[in-house]
There are 2 protein chains.
Amino acid sequence: MELNDFLPYQLSVLSLKISKGIAEHYQDQFGINISQWRVLVILYKNPDITAKRIAQLSQMDKVRISRTLKSLVQKKYLNETTHPLDARAKNYELNERGRYLMRAVIPDALRYEEELLKKLSEQERADLQHLLTKFNKILE
Amino acid sequence: MELNDFLPYQLSVLSLKISKGIAEHYQDQFGINISQWRVLVILYKNPDITAKRIAQLSQMDKVRISRTLKSLVQKKYLNETTHPLDARAKNYELNERGRYLMRAVIPDALRYEEELLKKLSEQERADLQHLLTKFNKILE
DNA sequence: TATTTTTTGTTTCAAATGAAACTAAATGTC
DNA sequence: GACATTTAGTTTCATTTGAAACAAAAAATA
């Protein structure tokens with residue numbers, strides 16, 4: 001058995017390589033880590049949502065989300081308001097500073113992705129998307 | 001921008017899902033974690049090698065390898081001998097207990113992989129392998 | 001040969017992680 | 001309404017992680 005051929009291993013190495021590249025880049029350019037980046041994107045698309053909803057959308061651990069939100073509030077990228085119908089929960093949304101950050105980060109992220117994808121043919125890109133969708137189905 | 005469509009994100013989620021499944025399984029069935037499993041496979045294919053060589057083959061961090069080897073020696077799966085030509089290094093190899101473990105684990109790993117792959121068509125499997133190879137080339 | 005530089009591997013330390021316990025509020029049940 | 005259960009989010013704690021500093025040996029250079 002070759003470890004190098006073992007699918008889970010290959011995927012792990014690939015994903016780590018790509019994530020590491022992004023992580024360093026975002027840390028350097030914008031001072032945000034992967035967790036913060038993920039939560040920011042979700043808030044960009046979903047204004048005024050709770051930590052619970054972010055957990056559903058991101059599949060991240062709730063402890064991690066709690067801490068990430070706290071850090072983003074401290075960095076003054078988010079407004080935090082108590083949920084009108086549930087006193088346990090808080091609503092979060094990007095403030096002007098947060099939106100400003102995202103207007104800088106998103107094109108950068110898309111460029112990074114494009115940089116990766118442009119090295120694939122049209123056919124390969126289609127295959128990749130098909131496989132990712134299929135795996136998501138397979139793994140529930 | 002949809003986070004869900006973002007390639008690095010998709011890959012990360014997929015890889016974590018698959019790795020988590022394996023990790024739990026190996027921990028339960030054999031009491032070994034992912035790091036230990038990777039090092040064991042490498043030693044299975046490459047008897048009598050040093051930590052440095054394992055680092056090259058696995059792409060894992062050297063601190064992690066150092067600790068993993070220590071734990072595997074403690075669990076009595078490996079023989080550790082001082083390198084004949086380099087007093088800084090040690091050679092590692094599976095001992096009988098280690099080989100016995102691997103004879104149990106490897107079929108199990110292959111079954112897990114097969115379980116995943118059999119849900120793909122012949123074409124999809126080929127596409128997957130092609131893409132993984134291609135990505136490896138792209139990312140050096 | 002002596003001295004500097006590089007290499008191999010380990011240890012230290014601080015940060016990240018997540019399971020489990022917890023608080024507080026909402027919901028369900030009687 | 002009173003009590004039990006569930007839910008949202010936080011804190012605690014023990015573990016994992018890897019960067020940086022380190023020790024010891026090998027290799028390079030003088």
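By convention in this document, chain letters (A, B, ...) are assigned in the order of the sequence lines, proteins followed by strands, and residues within each chain are numbered from 1.
- Of the candidates C:dG9, C:dA19, C:dT11, the closest approach to any side-chain atom of B:K70 belongs to C:dT11.
- Not one N or O on the side chain of A:S15 forms a donor-acceptor pair closer than 3.5 Å with the backbone of A:L11.
- Each of B:Y92 and A:R64 lies near DNA chain C, and the nucleotide nearest B:Y92 is the one positioned closer to the 5' end.
- With respect to A:E122 and A:R125, a salt bridge is recorded, a charged nitrogen being found less than 4.0 Å from a carboxylate O.
- Among the atoms of the strands shown, only primed sugar atoms or phosphate atoms (P, OP1, OP2) are found under 4.0 Å from some heavy atom of B:K52.
- Between the CG atom of B:D61 and the P atom of D:dA20 there is a distance of 12 Å, given to the nearest Å.
- Ranking D:dA26, D:dT10, C:dG9 by closeness to the A:S66 side chain, first place goes to D:dT10.
- Proximity of a side-chain donor or acceptor of A:Y44 to a complementary backbone N or O of A:R103 within less than 3.5 Å is not detected.
- Between the CD1 atom of A:I34 and the P atom of D:dT17 there is a distance of 18 Å, given to the nearest Å.
- Distances from the side chain of B:R88 to the nucleotides D:dA26, D:dT17, D:dA19 place D:dA26 closest.
- A donor-acceptor contact closer than 3.5 angstrom links the side chains of B:H25 and B:D108.
- In this structure, the CG atom of B:N33 is 7 Å from the P atom of D:dT17, given to the nearest Å.
- Using a 4.0 Å heavy-atom distance criterion, B:R67 is classed as a base contact.
- Summarising the geometry, the separation between CG on A:L85 and P on D:dT7 is reported as 18 Å, rounded to the nearest angstrom.
- Nucleotide D:dG18 holds its P atom 16 Å from the CD atom of A:Q27, rounded to whole Å.
- With D:dA20, D:dG9, C:dG9 as the candidates, the nucleotide lying closest to the side chain of B:A51 is C:dG9.
- The distance from atom CG of A:D86 to atom C1' of C:dA24 is 10 Å, rounded to the nearest whole Å.
- Salt bridge status for A:R111 with A:E114: absent, with no side-chain N to carboxylate O gap under 4.0 Å.
- Phosphate contact (OP1/OP2 of C:dT10, side-chain N/O of B:K90, threshold under 4.0 Å): present.
- C:dT10 atom C1' lies 12 Å from atom CG of B:L69, rounded to whole Å.
- Computed from coordinates, the A:I65 CD1 to D:dT11 P distance equals 16 Å when rounded to whole Å.
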